[in-house]
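All remarks here apply to the structure that follows.
Values below: all heavy atoms of this structure, side chains included; hydrogens, waters and symmetry mates excluded.
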2 protein chains.
Amino acid sequence: MNQRKVSNPLGLAVMAVLQVEESHPYQIASTLRTWHKENSIKINYGSLYTIITSLEKAGFIEAKDVERDGARPERTIYGLTDSGQQELVEWMQELLSVSNKEYPLFGSALSLIAMIPPDEAAELLRKRIENIENRINHTVLCLSDCEKQGLERLFTIETEYEVALLEAEKSWVEKLIPLIEESEEFTSTWRKLHTGELDRVPLPDEQGEH
Amino acid sequence: MNQRKVSNPLGLAVMAVLQVEESHPYQIASTLRTWHKENSIKINYGSLYTIITSLEKAGFIEAKDVERDGARPERTIYGLTDSGQQELVEWMQELLSVSNKEYPLFGSALSLIAMIPPDEAAELLRKRIENIENRINHTVLCLSDCEKQGLERLFTIETEYEVALLEAEKSWVEKLIPLIEESEEFTSTWRKLHTGELDRVPLPDEQGEH
DNA sequence: CATCTTATACTCGGCTCCGAATATTTGACT
DNA sequence: AGTCAAATATTCGGAGCCGAGTATAAGATG
């Protein structure tokens, strides 16, 4: 296994925060929020504490101090170790330079689109377009809010990426709809599957080549 | 909780297979492979059996028969129930019509790109472009293979979507690189963070509005 | 000053998921 | 006929993850 010891991206974010400032767990989460990272990295308290424990076990972070404040629970202040610093850089390098396969939900749904009759599918996709538009508008608004508040573009670049992907999906779906509604060739088998003229998915004969 | 009882997309795929033909677990996996769905849905034996159990517990599928073949283990043949049929359709409708937030790894990395010096980041992104190009070429090749074998476009449409997203990412990154290399404004703070002129992320004063 | 809400701070039980191991059968090649 | 690789078919232990709960402190409200 050539796998990272801690693989959840929240672990990366934790190390990034600790590189800038030693903090206790809850403070790490708050910092990530002031950096507006909740939108690109899932911050979940349940996970946070688990991940901090495993980062410590892996030697990437260590307890630097323990504060106490009245009756509140103790707060352990963590800091990045040298090995953690190295892991942070290596991991970032890998994530930036290597594009690895992921499995977006819409892709899974598309792969089984034949389960839904073509006319209904087209209708559902039209709803999706609307939905995507709303998400784009909302995201662009956030972006201009951040800019107005003086947050540098460097710190919101991931949101621009998100918008770019949403727009790409939108225009792809916008091309798919007319294909479903107008191309006889594309939907002929599909329709037959739903009228009962066909009861099996027509697959090509496996030519026994290898 | 307004959540699906079984939330792994492999569960959706299992129900889709069973709608077409009652099968035992291993056969479900093979069918998905002949449908070329490994690329859009992660098929993992470890998960498969867990998911089949929970689909059964949820009442979406049920054991129809038990085969035995010599010394081989018994094979339980599952089929879709009415409730499962309904779940399959509803789930598909939701996935097709609602675009929901996901957290792609590259987005997470981008959100922390300031951790890497700008020149190095640009270099890493150039590697990524190459990487994406390879993935596109490979995917397009698969696609034309499928076509040559006579597989209808309907059954490979998710792959076209994948390519569209890859191309969108590529052209977005292609625009980001010159921004990093040529825009003084974009990289000024970024450089300072790495020369030590700045040791904290410059955030806007929170104007106490609400 | 009593109460209600919000922010701070963390814990825990349990479910989901999966890699790796296991074991048998079939097919291919010598 | 013997051996090796590939396909068939499933199990299981444990890592990872997270929702919901807990508890205190601080600030707001009437």
### B/Arg33: partners by salt bridge (Lys or Arg N to Asp or Glu O under 4.0 Å), with sequence neighbours left out
none
### Message
In this structure, how many angstroms lie between the C1' atom of D/dT11 and the CD1 atom of B/Ile52, rounded?
### Response
13 Å
### Query
How bent is the helix from C/dC1-D/dG30 to C/dT30-D/dA1, comparing axes over its five end pairs at each side, to the nearest 10°?
20°
### Query
Which residue pairs pass the ring pair (Phe, Tyr, Trp, His ring centres under 6.0 Å) test with at least one member in residues 126-172 of chain B, sequence neighbours excluded?
A/Phe106-B/Tyr161, A/Tyr161-B/Trp172, A/Trp172-B/Tyr161
Please tabulate, one pair per line, all N/O donor-acceptor pairs under 3.5 Å involving side-chain atoms of residues 53-62 of chain B, not counting sequence neighbours.
| from | atom 1 | to | atom 2 | distance (Å) |
| --- | --- | --- | --- | --- |
| B/Thr53 | OG1 | B/Tyr49 | O | 2.9 |
| B/Ser54 | OG | B/Thr50 | O | 3.2 |
| B/Ser54 | OG | B/Ile51 | O | 3.2 |
| B/Glu62 | OE2 | B/Lys64 | NZ | 3.2 |

Could you write out each protein N or O paired with an N or O of nucleotides 15-19 of chain C at a distance under 3.5 Å?
| from | atom 1 | to | atom 2 | distance (Å) |
| --- | --- | --- | --- | --- |
| C/dC18 | OP2 | B/Ser47 | OG | 2.5 |
| C/dG19 | OP2 | B/Asn44 | ND2 | 2.6 |

### Task
List in chain and number order the residues that pass ring-ring contact (aromatic ring centres under 6.0 Å, His included) with B/Tyr45, two or more places apart in sequence or in another chain; answer none if no residue qualifies.
B/Tyr26
#### Entry: Nearest-Å distance for atom pair CD1/P, residues A/Ile43 and C/dT8
14 Å
### Task
List for me each residue that meets salt bridge (Lys or Arg N to Asp or Glu O under 4.0 Å) alongside A/Glu160, sequence neighbours excluded, and say none if there are none.
A/Arg153
### Message
Give the residues of residues 18-28 of chain A touching DNA chain C, defined as any heavy atom closer than 4.0 Å, sorted by residue number.
### Response
A/His24, A/Pro25, A/Tyr26
### Query
Between A/Glu123 and A/Arg126, is the closest basic N to carboxylate O distance under 4.0 Å?
yes
### Task
Please name all residues satisfying salt bridge (Lys or Arg N to Asp or Glu O under 4.0 Å) with B/Glu152, sequence neighbours left out, ordered by chain then number.
none
### Task
For A/Glu90, check side chain to side chain donor-acceptor pair (under 3.5 Å) against everything at least two apart and list the hits.
A/Gln86
Under 3.5 Å, sequence neighbours excluded: what are the donor-acceptor pairs made by side chains of residues 14-22 of chain B?
| from | atom 1 | to | atom 2 | distance (Å) |
| --- | --- | --- | --- | --- |
| B/Gln19 | NE2 | B/Gln85 | OE1 | 2.9 |
| B/Glu21 | OE1 | A/Arg200 | NH2 | 3.2 |
| B/Glu21 | OE2 | A/Arg200 | NH2 | 3.4 |

#### Entry: Residue pairs involving residues 92-107 of chain B (criterion side chain to side chain donor-acceptor pair (under 3.5 Å); sequence neighbours excluded)
A/Glu120-B/Gln93, A/Arg135-B/Ser99, A/Glu162-B/Lys101, B/Arg4-B/Glu94
### Query
Side-chain N or O of B/Tyr49 less than 4.0 angstrom from OP1 or OP2 on D/dT11?
no
